[in-house]
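Take a look at the structure set out below.
Naming convention: chains lettered A, B, ... in sequence-line order (proteins, then strands); numbering from 1 in each chain.
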Protein chains: 4
Amino acid sequence: MSGSSFGKLFQITTWGESHGPAIGVVIDGCPAGIALSETDIQMFLDRRKPGQSKFTTQRRESDSVEILSGVFEGYTTGTAISLIVRNQDQRSRDYGNIASVYRPGHADYTYTQKYGFRDYRGGGRSSGRETIGRVAAGAVAAKILEQLGIHITTYAKSIGPVTVEEQDYHFEQIHENKLYMPNNEQAQKAEEYLSQMMAQKDSAGGIIECVVSGMPAGIGEPVFEKLDANLGKAILSIGAVKAVEFGAGMQAAQKNGSTNNDAFFIKDGVLEKATNHAGGILGGMSDGFDIVMRAAVKPTPSIAQTQHTVNIDGENTELVIHGRHDPIIVPRAVVVVESMAAVTLVDMLFQNMSSRMDRIVDFYS
Amino acid sequence: MSGSSFGKLFQITTWGESHGPAIGVVIDGCPAGIALSETDIQMFLDRRKPGQSKFTTQRRESDSVEILSGVFEGYTTGTAISLIVRNQDQRSRDYGNIASVYRPGHADYTYTQKYGFRDYRGGGRSSGRETIGRVAAGAVAAKILEQLGIHITTYAKSIGPVTVEEQDYHFEQIHENKLYMPNNEQAQKAEEYLSQMMAQKDSAGGIIECVVSGMPAGIGEPVFEKLDANLGKAILSIGAVKAVEFGAGMQAAQKNGSTNNDAFFIKDGVLEKATNHAGGILGGMSDGFDIVMRAAVKPTPSIAQTQHTVNIDGENTELVIHGRHDPIIVPRAVVVVESMAAVTLVDMLFQNMSSRMDRIVDFYS
Amino acid sequence: MSGSSFGKLFQITTWGESHGPAIGVVIDGCPAGIALSETDIQMFLDRRKPGQSKFTTQRRESDSVEILSGVFEGYTTGTAISLIVRNQDQRSRDYGNIASVYRPGHADYTYTQKYGFRDYRGGGRSSGRETIGRVAAGAVAAKILEQLGIHITTYAKSIGPVTVEEQDYHFEQIHENKLYMPNNEQAQKAEEYLSQMMAQKDSAGGIIECVVSGMPAGIGEPVFEKLDANLGKAILSIGAVKAVEFGAGMQAAQKNGSTNNDAFFIKDGVLEKATNHAGGILGGMSDGFDIVMRAAVKPTPSIAQTQHTVNIDGENTELVIHGRHDPIIVPRAVVVVESMAAVTLVDMLFQNMSSRMDRIVDFYS
Amino acid sequence: MSGSSFGKLFQITTWGESHGPAIGVVIDGCPAGIALSETDIQMFLDRRKPGQSKFTTQRRESDSVEILSGVFEGYTTGTAISLIVRNQDQRSRDYGNIASVYRPGHADYTYTQKYGFRDYRGGGRSSGRETIGRVAAGAVAAKILEQLGIHITTYAKSIGPVTVEEQDYHFEQIHENKLYMPNNEQAQKAEEYLSQMMAQKDSAGGIIECVVSGMPAGIGEPVFEKLDANLGKAILSIGAVKAVEFGAGMQAAQKNGSTNNDAFFIKDGVLEKATNHAGGILGGMSDGFDIVMRAAVKPTPSIAQTQHTVNIDGENTELVIHGRHDPIIVPRAVVVVESMAAVTLVDMLFQNMSSRMDRIVDFYS
């Protein structure tokens, strides 16, 4: 089988290969009555589009979305929403030895092992272009969250060795630099680092952080459908993500209960927490405070250096990948992480609606 | 709703509260023809049982499992397997102010927000005892993996500040110390650290590592049902886990493509990798090499120190938790991580069976 | 795999064999705050219990239910509810040649073909006792429906050739006769027919009808999760059911649009329908009028006559089934049909809650 | 939510409205390595296309399919297959009072109740055009079944009062008449009946029968995912179907065990059944004999007669539906029933693959 669907009540199904005719997504379970236009979705897609800076591929794609169903007179109807983006730069080209070798760090070998052969054109379904469907769906999910007063802020916390510490966050700067870092100065340093990597025919990784504010408490379903479990799956399903953390994350392992526990207190009649090491999630449910999540993204595996590898005939060989590739995945993946978070939050908000009998009675009376 | 089921084809459904009459699991989708006895399952349960060392709760439980269905004349029949463990130490007791305050670091507040009230006896469903069902199911999954030549090794890599580095691993020592560390000397240091924490009425966290060997290549379903996405969800669904990593994990963010890519080569006719930064997973599918995964576990939130918190009437208060609690969750959670990994691997192995038409034709001819 | 779970948000997972130690069900997704006791469930179980009349098996079972989880201080907690019924009459007995032959009309042959062998004791998982879990879950679902003003009436419309026509329905008589027919006189005739069948060592079939009143309009999810599609699956999943109908049912095939369409009209400000050939479902959604559904139940396959069949060694043989078997399945299956309907309705009511953005905003504000 | 997906391992997700820009389906879980072209799919679509006879709508649609993903160099790749059919006849038109009244027998009222408003153009998502996605997916499923030696024959058994009895079946005639009946003479009578109905501005219903040959035994998952339960759901999810039967179906209710049981016997070393009242399904699993299933289809609700109904403002009104509508749904629905059967069978065949440990070991060795 293949697992192209995500979500239980708000379900997205993506399809499409890098060099096929089109890429798209079907969103099922979107409520009726939401104002939705192609512009709403295009805004999200433009954040991952190629050509935004010198650190992105030269592939020419406008990534223009078309709504094919589920919207009538400007509003969602409650039925399945089909979104499509035509691939423009799908010209027949010389794939060199790409078709016959397994690129290190790529899924060439595993796809071949699973399916017996693979669509070698630009990575096929394992291409970064696969995320177009996710982002289009994320735009729709964001419209829902907006109406519920929930907001997601996502940014590059680290680019290679350059990290923005929490005290230096300036969220208003995220969209002022090409790398979506919350600090323009650090972004400048990161750009320099990336230029250096490009000169060395190398690539870099980084960390994407995501903060959700306005989330009501109690969202997430014990015990397997925990909010963090589902967010974690959503983020780990994005290619190149190798780790996911919540709140204190890996550092929690080094802490002690006395300092890691977030003390509750009441201030002006409102429940507060002294700290947020939990990252807004306790027992797999939102606690009403900011949800804080981080994803570690590996360096782009496509590098211009000559690499040792193996071909499909089982022989040792050398590989030189032509064309210009993004020296870093992180900036364009920021909106992908945000989209997957949005899709997951909407799904969990919907799942929560049947947890209390009194609220169900209210709903139906 | 609540999310007490995990898995698609090999599906487990757990139930039971810490101080209810029993705890159990239903395993659905277990193939017919596997020799299975209560002893097989008990071996796993004994690894998480209380009372194994001075670092575990004083609660007296034999955690004896009974098979109620799905096994006939010593073999699984292919139908649902129901396993039950009766709670022994469920005597009515004085819960002190536990019933009326929100313990920091616990799910008391979020359960109450979600459901309107909660079963306050010993954490109810958010208790560590909930994992009994997972471990019982993990024992069954392990029997399946065994027949496929797949083996999982799980251990405590870190206890607080004490970490065993890869070059110091002695896997045969894992079951020689109470902390399930792969190095007895480091385990000794960790025990000293834990004793110190207990003296200070404090607790510690740690890191659990899991290595899967013998996994065939190509397991995992693009694009949302990736192997790492599902393993990640499985592990993050365990209470107290705050982060999950694969291969280089968080460190991948600091690396460069030239060093992070695992070069393929052929040696003696066999495909090998020069390194395994990918942790055995490429493009969301197993690559045939060891799968390496780590989980960060937070320090036990129940500590004997006085803590500031809030009660259910919205007033500031102080909390003193009585009774002896595990100063660390890690050692008993080792088998829980292994169990969730086993359950996930089996499910993904089954899902993979319909990926190629030629193999399906073979199967049915 | 095996498919022991039913439902998406209100999910039941049943387990247990006829002659194993116990039978049970886990109900996941039951909302918090419902008053629930063993008595509530026992009332449903008693309707399918053996020994209610001379037309039921002589097996001695009290079918007493125990609640193992998910209820605290008399109310559901929102977490998984585990219900168990111990089998009492599971003594080792002489199964004669049951173990080695395929009984006609039973699942012996298909179970063996699927799983390689089978639990031959009393039909194992294909026994009518499997429905205990369904009925226990149905009792819980009925509690939910009750709070929403939804009521289900179920009865035997036909027993063999004896049918109660709609104009002769007296719903208050359903529980006044052993056959659960809505007309005591017809029930008397049916009893005579059944006595005759028993004398002839034969068995009979019948039709169960189910009427749901008080259902709000708009429940059911286009296009595959239609209300009738899910109810149909629920009913067809009950052993021995060979057909399911809604409203005019099979007769709709003979009708014309002009007479089959149910005309809408307004009377005293309320929308009414002149007829209900649709059986309360239009386009897969409830239309607010009575849902009417029928299930055809085949005659009990276990008959005392000598039958020709084949043994597991592939040889022709004769079969004589010993012991007394119900000459008809229908009366005890009435509550099973009602239970499966209840479980399905609850699930669909919950799924409907996220269909409109305005209602979601209301819910969360 | 909305339920636009069907299937567990072989999953189809359909989308699109009658008068939107396009209609389509995403097929997820199709194995790699199947030769698949647009011609394969077009052959199925042409069987439900309008304009095949005088008994079909005048809407001009070529219903040409385009493959957008999941096929590379003529073979399925194992990833999601996206199929699209552009609507051609979607011109803006005068919908008369369709937008403001509830058509009897249609889903106008229920859609409005559920979603708060509806896409009134041609029925939106409740239009018969919704089935295009099902049929396109059915064509792909049929390719899989073909390789497994499984064949489905589907036809109109009854058109209004004209029924073809089993002894008069001539399967080779099914494609020789416009009504897809297995007997040309009866088809002629049915055509006359339909002409008469059209003259009377009325419509007719009928019965579609489906016979599956070559099915291996043991397919179907106890106890809720029975083969008949899933086939039943699949068929009942098709608009206008009001009942579904297997084997003896509704008639089983009138039979006795002695005559309804299908006796097994061995002939020339092969297991045979004396009769097939079970319709090829015992205990929810295929028994290796022909699966026989029937669906009752109601008469087309759109008739040219003046009908009494209610408008969206809650007032009594009269409705005249303009344009020519199919006087019968059955002939074009034949391929829809076949398609849903095919999709279900493939899914259940895949689910069965992990039922026996010995076969799993074989598969992976």
Measure distances from [X] to the heavy atoms of chain A and classify the residue's part below 4.5 Å as side chain, backbone, both or neither.
{"X": "B:M250", "value": "both"}
{"X": "B:F117", "value": "neither"}
{"X": "B:A248", "value": "neither"}
{"X": "B:R134", "value": "side chain"}
{"X": "B:R125", "value": "both"}
{"X": "B:T317", "value": "neither"}
{"X": "B:F246", "value": "both"}
{"X": "B:T259", "value": "neither"}
{"X": "B:I303", "value": "side chain"}
{"X": "B:L271", "value": "side chain"}
{"X": "B:V297", "value": "backbone"}
{"X": "B:Q251", "value": "neither"}
{"X": "B:M357", "value": "neither"}

With sequence neighbours left out, the residues meeting side chain to side chain donor-acceptor pair (under 3.5 Å) with B:N230 are A:K233, B:E225

For A:L282 and B:H106 the tightest heavy-atom approach is CD1-O, 3.6 Å

When the 4.5 angstrom heavy-atom criterion is applied to A:Y193 and chain B, the contacting part is side chain

query = Does a side-chain heavy-atom distance below 4.5 Å link A:F264 with B:N316?
reply = no

So, B:K242 side chain and A:A253 main chain: donor-acceptor pair closer than 3.5 Å or not?
no

Exercise for review: Carefully, step by step, assess B:S258 and A:D202 under the rule side chain to side chain donor-acceptor pair (under 3.5 Å).
Suggested key: CA-CA 6 Å; B:S258 59; A:D202 212 335; 2.4 Å; yes

